[in-house]
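Heads up: the structure comes next, in structure tokens.
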Amino acid sequence: MTTWQDDATRDLMSLGGRLALLERGEGSSVWDADGRRYLDFLGGIAVNSLGHAHPVFVDAVSRQAATLSHVSNYFASPAQLELAARLKRLAGTGDEGRVFLANSGTEANEMAIKLARLHGGATGKSTILVLNGAFHGRTMGALSITPKAAYRDPFEPVLPGITAIAATIDALEAAFDDSVVALIAEPIQGEAGVVPLPEGFLARARELTASHGALLILDEVQTGSGRTGDWFAFQREGVVPDAVTVAKSIAGGFPLGALITFGAASDLFYPGTHNSTFGGNPLASAVANAVLGHIESEGLLANVTARGAELRAGVEGMPLVAGTRGAGLLIGIVLSEPVANEVRQAAHERGLIVNAPAADVIRIAPAYTIGDDEVGEFLTLFREALAAVATTIPTPTETPA
Ligand SMILES: *Cc1c(COP(=O)(O)O)cnc(C)c1O
């Protein structure tokens with residue numbers, strides 16, 4: 001008898017990622033094909049903002065699919081216009097802002113690179129600064145601004161004109177000169193292990209980009225759309241960027257990304273310089289409107305902040321936990337030993353989904369809708385997983401000489 005793993009090995013591109021065969025979801029639960037339930041605290045990698053099969057999501061998909069799904073970029077639609085206006089309002093761009101709707105975070109970042117190039121064309125500058133540890137996506141452009149050798153080396157040469165620097169204020173100051181056309185950075189590096197930028201980094205970046213005529217472009221694909229308890233992470237820093245990219249949580253699991261521009265950067269694109277057949281289609285736009293509208297009307301950002309604080313306080317002092325970092329419901333749980341993958345596996349065996357973006361970091365990014373039950377169940381299962389792994393780690397006295 002062949003298993004689903006056999007089918008996957010034979011038919012899917014060999015790229016990993018087959019931890020279970022998930023069939024159904026509801027709220028923060030998912031079930032595999034054997035009927036086994038998991039508490040989902042990864043949320044499809046910070047995507048399922050309302051959890052699984054939320055009535056608002058289901059209703060929006062169904063209604064819009066029965067009305068108008070796709071029209072191409074030759075046409076506008078009411079859902080698309082509503083979403084663009086909503087994103088401008090939530091980002092606080094004022095009238096001058098503009099929005100482009102794409103289908104993923106990577107695509108939004110591709111457009112951000114093109115924004116920098118257009119700005120370069122207008123100013124004669126060419127260097128894009130990016131930060132070590134960054135993750136901006138896997139297409140050739142996004143990969144070029146992602147300075148991780150394992151992702152990039154097989155695909156060299158990548159785009160020229162990109163300089164990676166350490167994520168420190170000193171390195172930023174040393175790297176800045178008049179050749180810099182843009183700095184592209186994540187306020188919290190999710191894939192690196194939920195690593196926030198140093199205190200004051202974004203404010204200094206804003207000063208340096210402004211004084212050198214460069215763009216400050218923030219990749220909020222993971223931190224945006226309310227994930228940190230603010231609509232955008234930059235809003236808690238009191239900094240206004242020239243552009244921000246979003247995706248992941250924005251439509252609760254429906255594929256959608258966006259580039260939002262502020263001020264003069266809004267006038268760089270012109271007809272012929274970019275577009276997308278699927279981008280901004282009425283179906284994706286309507287779902288994003290429904291999901292973001294529900295987050296607003298239910299005041300879910302307050303829940304994101306409160307539950308995030310509860311979860312962080314709850315894991316403090318557990319076996320192997322050295323501390324926590326992140327914001328809202330994007331949390332990195334830092335372990336005292338490099339056993340994150342073992343902890344992830346132990347959690348999985350107990351019916352809890354989390355992930356291990358670094359050897360000593362567990363990431364959680366649950367739905368904005370979680371309540372007392374989900375927080376309580378997570379803390380119980382996670383403590384059990386940690387305790388199980390802790391017993392396998394030899395204490396110094398037991399270590400063979
Ligand atoms: C996930 C992610 C991306 C890539 O988004 P996709 O939707 O997978 O293309 C880019 N930047 C950041 C910060 C991300 O977390």
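Both counts, for ligands and for their atoms, begin at 1 and track the order of listing.
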Worksheet item: When you measure from the centre of the six-membered ring of Y38, is the NZ or CZ of R36 under 6.0 Å away and within 45° of the axis?
Response: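 The answer is yes, since R36 meets both limits relative to Y38.
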Worksheet item: Strictly by modelled atom types, are R206 and T209 linked by a side-chain donor-acceptor pair under 3.5 Å?
Response: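 Looking only at side-chain atoms, T209 and R206 do form a donor-acceptor pair, the distance falling under 3.5 Å.
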Worksheet item: Hey, are N289 and R86 close enough side-chain-wise for a donor-acceptor pair under 3.5 Å?
Response: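 Yes, a side-chain donor-acceptor pair sits under 3.5 Å.
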Fill in: Location of contacts on I45 toward ligand 1, heavy atoms closer than 4.0 Å
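Neither; no heavy atom under 4.0 Å.
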Discussion item. Below 4.0 Å, non-hydrogen atoms only: which portion of V221 touches ligand 1? Side chain, backbone, both or neither.
Written reply: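 The part of V221 near ligand 1 is the side chain, not the backbone.
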Worksheet item: Do any nitrogen or oxygen atoms of Q222 come within less than 3.5 Å of a nitrogen or oxygen of ligand 1?
Response: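 The answer is yes, given that Q222 and ligand 1 share an N or O pair closer than 3.5 Å.
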Worksheet entry | Heteroatom proximity flag, G105 to ligand 1, N/O under 3.5 Å |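 Yes, G105 has an N/O under 3.5 Å of an N/O on ligand 1.
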Discussion item. Between F57 and H52, is the ring centroid distance below 6.0 Å?
Written reply: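 No - the distance between ring centres of F57 and H52 does not fall below the 6.0 Å cut-off.
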Discussion item. Counting the benzene-type ring for Trp, do F382 and F41 have ring centres under 6.0 Å apart?
Written reply: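 That pair fails the under 6.0 Å test.
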Fill in: Derivation of the salt bridge (charged side-chain N to carboxylate O under 4.0 Å, His left out) call for R350 and E377
CA-CA 11 Å; R350 285 162 181 77; E377 188 183 4; over 6 Å; no
Using a strict cut-off of 4.0 Å, indicate which atoms of ligand 1 neighbour a heavy atom of [X].
X: E186; result: 13 (C)
X: N109; result: 10 (C), 11 (N)
X: T106; result: 4 (C), 5 (O), 6 (P), 9 (O)
X: K248; result: 1 (C), 2 (C), 3 (C), 14 (C), 15 (O)
X: S104; result: 7 (O), 9 (O)

Worksheet entry | Any residue meeting salt bridge (Lys or Arg N to Asp or Glu O under 4.0 Å) with R363, in chain and number order, not counting sequence neighbours |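 Salt bridge (Lys or Arg N to Asp or Glu O under 4.0 Å) check on R363 returns E191.
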Fill in: For atom 11 (N) of ligand 1, closest protein heavy-atom neighbour
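So the nearest neighbour among protein heavy atoms is D219 OD2, 2.7 Å.
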